[in-house]
Amino acid sequence: TDADWTRYHYKWENCSPSWHGLFVNRSRVRGWEVVSGPMKEAEELRQADGTRRLADALLMRMPRPRWEALEAKGKAAAS
């Protein structure tokens, strides 16, 4: 695809109906966004609602600088 994979960090998040969106909502609060609509990532997995899903997983992304800052913060807190 034409997506710029260097600008974002990606993850697949559990979106099983039995969890009522718990994991997706938790991730959104932390700064992740759902890959959807006209975004270029994983267009081959685009669903009718525009999201990118594979089984019970939803593709999410976060700007790489924000992800790196959160990772650094987590490592500092762990040490």
Side-chain angles (χ1 to χ4, degrees):
T1 64
D2 295 331
D4 184 358
W5 295 96
T6 60
R7 293 181 51 213
Y8 295 95
H9 186 79
Y10 295 87
K11 72 173 183 171
W12 290 98
E13 188 62 85
N14 181 330
C15 64
S16 172
S18 61
W19 287 99
H20 308 289
L22 172 72
F23 299 109
V24 173
N25 288 331
R26 180 182 64 185
S27 293
R28 290 178 69 191
V29 166
R30 293 178 177 167
W32 292 89
E33 66 179 322
V34 175
V35 175
S36 63
M39 297 174 182
K40 299 292 185 187
E41 298 91 342
E43 288 182 319
E44 65 278 4
L45 298 175
R46 187 176 186 168
Q47 304 299 304
D49 65 356
T51 60
R52 311 311 193 263
R53 294 176 191 250
L54 183 61
D56 282 345
L58 185 68
L59 185 60
M60 301 187 81
R61 72 181 188 180
M62 177 184 286
R64 189 163 294 279
R66 177 165 170 76
W67 178 80
E68 290 170 349
L70 289 175
E71 284 292 300
K73 183 178 177 182
K75 288 179 184 176
S79 59

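Because only heavy atoms are used, hydrogens play no part in the values below, and waters and symmetry mates are left out as well, while side chains stay in. Quick caveat: nothing in here was measured; it's all calculated off a predicted structure.
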- To the nearest 0.5 Å, what is the distance between CZ (Arg46) and CE (Met39)? 10.5 Å

- All side-chain contact (heavy atoms from CB on, under 4.5 Å) counterparts of Gln47, not counting sequence neighbours: Asp49, Thr51, Arg53

- Can Trp67 be reached from Phe23 by stepping across I, L, V, M, F, W or Y side chains whose heavy atoms are under 4.5 Å apart? no

- Please, which pairs that meet salt bridge (charged side-chain N to carboxylate O under 4.0 Å, His left out) have at least one residue in residues 10-19, sequence neighbours excluded? Lys11-Glu13

- Message: My understanding is that only residues two or more places apart in sequence, or in another chain, count here; which of them pass side-chain contact (heavy atoms from CB on, under 4.5 Å) with Leu22?
- Response: Trp19

- Query: Ser79: what forms a side-chain hydrogen bond (donor to acceptor under 3.5 Å, both in side chains) with it, not counting sequence neighbours?
  - Reply: none

- Between Val35 and Leu45, is there a shared hydrophobic cluster once you connect ILVMFWY residues whose side-chain heavy atoms come closer than 4.5 Å? yes

- Glu71 and His9, any side-chain heavy atoms less than 4.5 Å apart: no

- CH2-CG distance between Trp12 and Leu59, expressed to the nearest 0.5 angstrom: 4.5 Å

- Item | All side-chain contact (heavy atoms from CB on, under 4.5 Å) counterparts of Arg28, not counting sequence neighbours | Val24, Asn25, Val34, Met60

- May I have all residue pairs that pass salt bridge (charged side-chain N to carboxylate O under 4.0 Å, His left out) and include part of residues 57-66, sequence neighbours excluded? Glu33-Arg61, Glu41-Arg61

